Number of protein chains: 4
Amino acid sequence: MAADTTIAKPAQPRLRADALRNRERIVAAAREAIVEHGAGSPLDEIARRAGVGNATIYRHFTDRRELIHHVALSVMSRAADQAESALAEEPDGFSALERFVHAAADERIGALCLLLSDGIDKEHPDLIATRDRLSADVEALMGAARAGGQLRTDIGVGDLMVALNQLTRPLPGSACVNFDTFVHRHLQLFLDGLRAPARSELPGESVTLQDLQQRP
Amino acid sequence: MAADTTIAKPAQPRLRADALRNRERIVAAAREAIVEHGAGSPLDEIARRAGVGNATIYRHFTDRRELIHHVALSVMSRAADQAESALAEEPDGFSALERFVHAAADERIGALCLLLSDGIDKEHPDLIATRDRLSADVEALMGAARAGGQLRTDIGVGDLMVALNQLTRPLPGSACVNFDTFVHRHLQLFLDGLRAPARSELPGESVTLQDLQQRP
Amino acid sequence: MAADTTIAKPAQPRLRADALRNRERIVAAAREAIVEHGAGSPLDEIARRAGVGNATIYRHFTDRRELIHHVALSVMSRAADQAESALAEEPDGFSALERFVHAAADERIGALCLLLSDGIDKEHPDLIATRDRLSADVEALMGAARAGGQLRTDIGVGDLMVALNQLTRPLPGSACVNFDTFVHRHLQLFLDGLRAPARSELPGESVTLQDLQQRP
Amino acid sequence: MAADTTIAKPAQPRLRADALRNRERIVAAAREAIVEHGAGSPLDEIARRAGVGNATIYRHFTDRRELIHHVALSVMSRAADQAESALAEEPDGFSALERFVHAAADERIGALCLLLSDGIDKEHPDLIATRDRLSADVEALMGAARAGGQLRTDIGVGDLMVALNQLTRPLPGSACVNFDTFVHRHLQLFLDGLRAPARSELPGESVTLQDLQQRP
DNA sequence: GATGAATGAGTCTTCATTCAT
DNA sequence: TATGAATGAAGACTCATTCAT
């Protein structure tokens, strides 16, 4: 179901077992650090969390940009996995959507905002491919719920994904107690607002993930 | 209606007119810079926006922490003003709440997350006073809506304020086109989720602004 | 006679006296350091020599490239000054050429090789202008000597300038005793080889300074 | 004719054929890399050129200093070979000198400046022996030319070797087009300056290779 | 014996803060 | 008082060298 996003260049001969383990630990540590302290987390801090020397990060990723790139790939890929599982396993359309939203939060999809970060190559094929996979998966989820008459019809994938991203972003500073469970309250409230029938008329137009990455 | 929050120490003799103007321009510039480029905006950048030399910032604020402190005060104070206006002028409870939410977004209440930032003295009396004023104002708004049977009863001030803060936080990088109007869609969807009758059961417990600032 | 090369952008309002002094000390220190330890001299070392903090270098030059750029300008400009003085004051064509060659060595023209360094913008207008001034001055010197029948006719400005640069480049490591006076022997031998009549036929073609900066 | 300079310690049992091949490839790669990108070439780059892993360098040379040491030995040894061939095969004294100078340039004798580099043990017996062999060979060449009345009498081995070294040093950055053939022009001009009768009086005193390595 | 991977020390660069005009 | 300039501490990145396979 899920493509393995940790292999950057299939051309590379082969990674030693311990090196591969390190690579994954670095991406995981980076995801946590970024989610906690923002995209500007010191690489030394990330290295410390991953239990490696700082220079090891540079053996795997040429620079900060590339590390962030891979974190974004990882987060989106895992979220897409969740979307696909939910769609396949939940009988009810809106339930699948709800399951996805809460699961994506647990997968730290708040790091999705990295997509918009200045320090990233938005044209990169891998990024576009993964973004489009996630986008299509969420579209499918929303389509199913809409088809069941459970989802209001005036919203698009971008509406959901941006709000999801924002609501799950970590608060700055060391997070407050139980923030994680707190987040699920907001997500649920937002989901309630998505249900049909619509309780209001929305301003503006809905947006896609692709639109969001356009430069002004 | 609104207390002037730009005067730090009433004991101070009095600021010259131009100095006061500078002070306010610095706070305004900082609010914009923080909202656009994140809490890590260089002070030189803020000074440039304010049209003053960098050292002038230090004449008004002892250090970065204090500047951020005053930006937080300013944002909360202006949001409280909006809450009070809405409550006074809108006949309908839920309408007042909606008006406040959208107005607060325009007041850059996304900078509210500074409240939780590490680099700030959360015990400062001014901060507590302003936070409590805002909190009370929002509580009044919610109370009115709840009294009219328009607002679900399982949510608290903290739920609203945190979600409001999160949904209006600037996206990293130079913001995408029309993000401002886009935000109002999310806010409206969230507001629709707040309406009575509740469409779901929420996990966890509601929280107050005061709770949020507690250390774990 | 000599243009002041230390003013980068005439648009800049004005530099404070002490800042201007620092700027010049930095360029001078960089010239010495580069001539002694190569173009890779640590900026901290340059700062130490100039008697300023390391960050001060960055106030004057955005990065290492720009500093090197200005050192190259300074060296070429001073060499051009020497060429112009020699041409104006020496009655004899070849004597003027000799005076220029030895004077350029004392001006550390060995740093001229910076022109070809990777870390420099070879298209920069200031650089091109100064290079062309120097080139024209040397051409004039050579033309006068050639007109007097004292200079062989099969050589060009590039021949002289590259050999001059090479022969005056500092030896790596801390220079040996009296290397400076030693260099003047090699220059004199080379000058003797330049005299008419030519004692050999040269391979290849003569080159201009402009040619040297072309990319392959 | 030429001693094999690639064997560091004759006491060593014996190198396997492939190990010996690797050793020689490393030295050759280092010579090329140093000549192209300067003495600071990364060891990883040298390993890549040699087609070996980086750690293999350390199996053959304890550290960077020792590698450079062997490169210097190799360059001097090959230059000495050229000097001996020229002396043996050319009937005319000055012609032999000319042949040697141009041949030495092609052997990258520009790397000779490594001799003076800080990162090298100037007291090492092998280095002294090879230097003295080269020095004696060049002295023989100059002696023959001087005996034929073709070489001016006010210059020594150090004059020739240093100028030869300097004129053939690679320019920094990626070299310009045809720099190799360009160098031979400068060498020829310099050689023309060496011919008797002397066209000028030289400043200072002539120097030997031994003198050059003395510490101040 | 050879290799890919890991590391710590060193360099460049930025920025909050202080100083001198 | 307000300002441009200076600074030290901190973060990104490179590279010689060591380690584990």
Side-chain angles (χ1 to χ4, degrees), chain A residues 12-23 40-47 50-65 67 119, chain B residues 15-16 18-19 22 40-47 51-65 67 119, chain C residues 12-23 26 40-47 50-65 67 119, chain D residues 15-20 22-23 40-47 51-65 67 119:
Chain A
Q12 294 293 335
R14 182 76 61 166
L15 221 46
R16 253 168 42 184
D18 58 341
L20 183 58
R21 198 175 330 115
N22 270 346
R23 186 185 177 88
S41 302
L43 293 195
D44 284 9
E45 162 71 9
I46 293 173
V52 301
N54 60 356
T56 299
I57 293 181
Y58 292 93
R59 171 163 302 276
H60 291 282
F61 307 98
T62 55
D63 60 4
R64 183 188 188 82
R65 288 173 64 93
L67 174 56
Chain B
L15 278 174
R16 262 169 35 186
D18 59 342
N22 270 349
S41 301
L43 291 194
D44 281 12
E45 163 71 9
I46 292 172
V52 302
N54 57 359
T56 301
I57 293 180
Y58 290 90
R59 177 157 305 278
H60 290 283
F61 307 98
T62 59
D63 60 6
R64 184 188 182 82
R65 288 173 65 94
L67 173 58
Chain C
Q12 294 293 337
R14 181 77 61 167
L15 220 46
R16 252 166 46 182
D18 57 342
L20 183 58
R21 198 177 329 116
N22 271 346
R23 186 186 176 87
I26 290 169
S41 302
L43 292 195
D44 284 11
E45 161 72 9
I46 293 172
V52 302
N54 59 356
T56 300
I57 293 180
Y58 292 93
R59 172 164 300 278
H60 291 282
F61 307 99
T62 56
D63 59 6
R64 182 187 190 82
R65 288 173 66 93
L67 173 57
Chain D
L15 278 174
R16 262 171 33 186
D18 59 340
L20 183 59
N22 270 350
R23 187 185 176 87
S41 301
L43 291 195
D44 281 11
E45 162 72 7
I46 292 172
V52 303
N54 57 358
T56 300
I57 293 180
Y58 289 92
R59 178 158 304 278
H60 290 284
F61 307 99
T62 58
D63 62 3
R64 184 188 183 82
R65 288 173 64 95
L67 173 58

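Since this is a predicted model, take the numbers as computed values, not measurements. Every chain is numbered from 1, with letters handed out A, B, ... down the list of sequences.
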Inset, instruction - Please name all residues satisfying ring pair (Phe, Tyr, Trp, His ring centres under 6.0 Å) with B:F61, sequence neighbours left out, ordered by chain then number. - result: B:H70
Legend entry - DNA chain F base-pair string [pairs: Watson-Crick or G-U under 3.5 Å; |: paired with another strand]: .||||||||||||||||||||
Inset, instruction - Measure the spacing between OH of B:Y58 and CZ of B:R64 and express it to the nearest 0.5 Å. - result: 8.0 Å
Inset, instruction - Could you tell me whether the side chain of C:L43 reaches within less than 4.5 Å of the side chain of C:N54, counting heavy atoms only? - result: no
Legend entry - Between C1' of E:dT13 and CG of C:L67, the distance in whole Å: 13 Å
Inset, instruction - List the protein contact pattern of nucleotides 7-13 of chain F with one symbol per nucleotide (5' to 3'): B for base contact, S for sugar-phosphate-only contact, - for none; contact means a heavy-atom distance under 4.0 Å. - result: BB---SB
Inset, instruction - In whole angstrom, give the distance that lies between atom CZ of B:F61 and atom P of E:dT17. - result: 13 Å
Legend entry - Nearest non-hydrogen partners of A:R23 and A:H60, listed with the distance: NH1-O, 3.4 Å
Legend entry - Atom of D:I46, atom of D:S41 and distance for their closest heavy-atom approach: CD1-O, 4.3 Å
Legend entry - Whole-Å gap separating C1' (E:dG4) and CZ (A:R21): 15 Å
Legend entry - Value in whole Å for how far the P atom of F:dA5 lies from CG of C:L20: 11 Å
Legend entry - Any A:H60 side-chain nitrogen or oxygen under 4.0 Å from OP1 or OP2 of E:dA6: yes
